[in-house]
Peer 1: 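Take this structure, written in structure tokens, and hold onto it; I'll ask about it next.
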Amino acid sequence: MSDRRAYRVFMNVVILIAVGCALMSLNCSQTTAKKAKYIPSHEERISWWKHAKFGMFIHWGLYSVPAGEWKGDSIGGYGEWVMWRKKIPVKVYEQLTRQFNPVKFDAEEWVKLAKDAGMKYMVITSKHHDGFAMYHSKVSPYNVVDATPFKRDPIKELAEACRKEGIKFGCYYSIDRDWHHPDAFCANQGEGNTWDYPDDSKKDFNKYLREKALPQVREILTQYGRLGIIWFDGVGTKTAEQNEEIIAMVRELQPYCLINSRLGDWKSFKWGDYRSMDDNKVADELLPYGWENPGTINKTYGYSKNDQKWKSTKTLIRMLVDIASKGGNYLLNVGPTGEGVIPQPSVERLRAMGKWLEKNGESIYGTSGSPLGKLPWGRCTAKPGKLYLHVFNWPADGKLEVPGLKDKVKKAYLLIDKKRAKLPVACEDEDKIIVSLPPKAPDEIDTVVVLKIKGKVKT
Ligand code: H79
């Protein structure tokens, strides 16, 4: 073989090896691409949420400006429904954009409040039924950055502040309802925009879905980093196929993002990762799946200046405990003003809840519901090897009866007692024990007695 020929053969081999390597690396990168599409199991997705138990819901939008009043009339009920209540024409409601300039808004402050309250996640309205996007949307100019003097993107600011503070961030999106869009037909008769767009037969719901709702959901899922939850609401019109399509989109773009059941259903748990109960509804008993109470501190979600029916701190703490004892989460709402301020009565109550959780958080976070059924004096939450007895009504004789427990109690003590001094425990009969308590309740709202149990709890 001439030198030239040998060189050519050599070069051919080099080229072959190079092409081979390139192909292999392409194959590798395809494998990586496949890996990136890994879909975590339901358990993997939901474990943080199950542990979290307590989150902040925020209803904030154009409706926060009229604040539950229209032309001097107080609307009562839900402030965020003012457009529907007063049948305000789109063209008139749109004028609210000019007044939306919440100069006092401070994302860090809101997130810090959630943290002080002991909340572990936050869900804010990115679009409510009024159709106004509270984030920078390219799909519709009817959004907070392009249409208001404020010009800032609160969703972006909150997402960043949450990331910094270790709070999971989620967005609420009213998907089937949109009073601004002429095609958003509403299956629940009368709850759509029937004043601007009276003829339902002319509405092409699919058009609304394709040109607004789905592209906006895509924006939310791609513009703000990892979302903990996409919280759908305003439902009842989409078909099962449309629901499936949305789930597929969420899973593709954000494999770890939770979807609540209101994607497709109000009254049952057919869709999504966990069940959102009706507004302010608590399950009657321990449920075998994740559920959440979307609750209000007063009556309204969106700010309403005449709604002063504030639940007491005692009620709110006991709600949280009741919900946890039934295996649920509490997504407790605040309705900031048009200036961007969370009402003081909400702030005070949330801080008080945080104080209680600082001392008693062990009996809430990461717990499962009560294995004991109904208890006459309060509620119970559980962790492996431990029961937390939440005593709402302190027994006058200092004897706390715990019915239905078949296990040997290794030790009983008060959760707030740093020394964990033993409380005397007597075994009355096979499945009832009696814990002797101090004469006065150390915490009148809820004193937690811990029972250390041998092995798994048997009831
Ligand atoms: O965002 C909050 C509510 O605005 C929303 N869900 C929570 C989280 C919600 N959308 N629809 N519904 C609740 C149920 C519908 C309730 C209604 Fe009514 C009863 C519509 C008409 C009668 C309540 C009372 C709203 C207006 C009057």
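As the structure lists them, so they are numbered: ligands from 1, and atoms in each ligand from 1. For reference, positions follow the sequence shown, starting with 1.
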Peer 1: Checking side-chain hydrogen bond (donor to acceptor under 3.5 Å, both in side chains) for the pair W310/Q308: CA distance, chi angles, key distance, verdict?
Peer 2: CA-CA 6 Å; W310 304 99; Q308 297 298 328; 2.8 Å; yes

Peer 1: I'd like to know whether the aromatic ring centres of W48 and Y121 sit less than 6.0 Å apart in this structure.
Peer 2: yes

Peer 1: Quick check on atom 25 (C) of ligand 1 - does any protein heavy atom sit closer than 4.0 Å to it?
Peer 2: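 For atom 25 (C) of ligand 1 the answer is yes, since some protein heavy atom falls inside 4.0 Å.
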
Peer 1: Applying a 4.0 Å heavy-atom criterion (strictly less than), which segment of D233 is in contact with ligand 1: side chain, backbone, both, or neither?
Peer 2: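 The answer is the side chain of D233.
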
Peer 1: Around atom 7 (C) of ligand 1, find the nearest protein heavy atom and jot down its residue, atom name and distance.
Peer 2: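 Nearest neighbour among protein heavy atoms for atom 7 (C) of ligand 1, to 0.1 Å: D279 OD2, 3.1 Å.
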
Peer 1: Relative to the heavy atoms of E80, which atoms of ligand 1 are at a distance of less than 4.0 Å?
Peer 2: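 Here the atoms of ligand 1 in question are 1 (O), 2 (C), 3 (C), 4 (O).
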
Peer 1: Taking the six-membered ring for Trp, are the ring centroids of W81 and Y63 within less than 6.0 Å of each other?
Peer 2: no

Peer 1: Determine if the distance from atom 22 (C) of ligand 1 to the closest protein heavy atom is below 4.0 Å.
Peer 2: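 No; the ligand atom in question lacks any protein heavy-atom contact below 4.0 Å.
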
Peer 1: Determine, stepwise, if the pair E211 / H181 fulfils side-chain hydrogen bond (donor to acceptor under 3.5 Å, both in side chains).
Peer 2: CA-CA 10 Å; E211 73 181 26; H181 197 288; 2.8 Å; yes

Peer 1: For atom 16 (C) of ligand 1, what's the nearest protein heavy atom and its distance?
Peer 2: W81 CZ2, 4.3 Å

Peer 1: Quick check: H59 and ligand 1, any N/O pair under 3.5 Å apart?
Peer 2: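 Yes, since at least one N or O of H59 sits under 3.5 Å from an N or O of ligand 1.
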
Peer 1: So, for W84 and Y93, is the gap between ring centers shorter than 6.0 Å?
Peer 2: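 That pair fails the under 6.0 Å test.
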
Peer 1: Should you measure from each heavy atom of W84, which atoms of ligand 1 turn up under 4.0 Å away?
Peer 2: 21 (C), 26 (C)

Peer 1: Is a salt bridge present between D443 and K355, judged by a nitrogen-to-oxygen distance below 4.0 Å?
Peer 2: no

Peer 1: May I ask you to list the atoms of ligand 1 that are less than 4.0 angstrom from any heavy atom of Y172?
Peer 2: 1 (O)

Peer 1: Give me the residue, atom name and distance of the protein heavy atom closest to atom 19 (C) of ligand 1.
Peer 2: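 Among all protein heavy atoms, the one nearest atom 19 (C) of ligand 1 is E191 OE2, 4.6 Å.
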
Peer 1: Return the closest protein heavy atom for atom 10 (N) of ligand 1 as residue, atom name and distance.
Peer 2: H129 NE2, 2.9 Å

Peer 1: Mind checking whether Y224 and F169 have ring centres under 6.0 Å apart?
Peer 2: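 Judged by ring-centre distance (under 6.0 Å), Y224 and F169 do not meet the cut-off.
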
Peer 1: What do you reckon, does R85 have a nitrogen or oxygen under 3.5 Å from a nitrogen or oxygen of ligand 1?
Peer 2: no

Peer 1: What's the verdict on side-chain hydrogen bond (donor to acceptor under 3.5 Å, both in side chains) for S312 and T315, showing C-alpha distance, side-chain angles and the deciding distance?
Peer 2: CA-CA 5 Å; S312 66; T315 300; 2.9 Å; yes

Peer 1: Which atoms of ligand 1 are found less than 4.0 Å from any heavy atom of W266?
Peer 2: 9 (C), 10 (N), 11 (N), 12 (N), 13 (C), 14 (C)

Peer 1: Is it the side chain (CB and beyond), the backbone, both or neither of K299 that lies under 4.0 Å from ligand 1, heavy atoms counted?
Peer 2: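 It is neither; nothing of K299 touches ligand 1.
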
Peer 1: Assess whether a salt bridge exists between K326 and D322, defined as any Lys/Arg side-chain N lying under 4.0 Å from an Asp/Glu carboxylate O.
Peer 2: yes

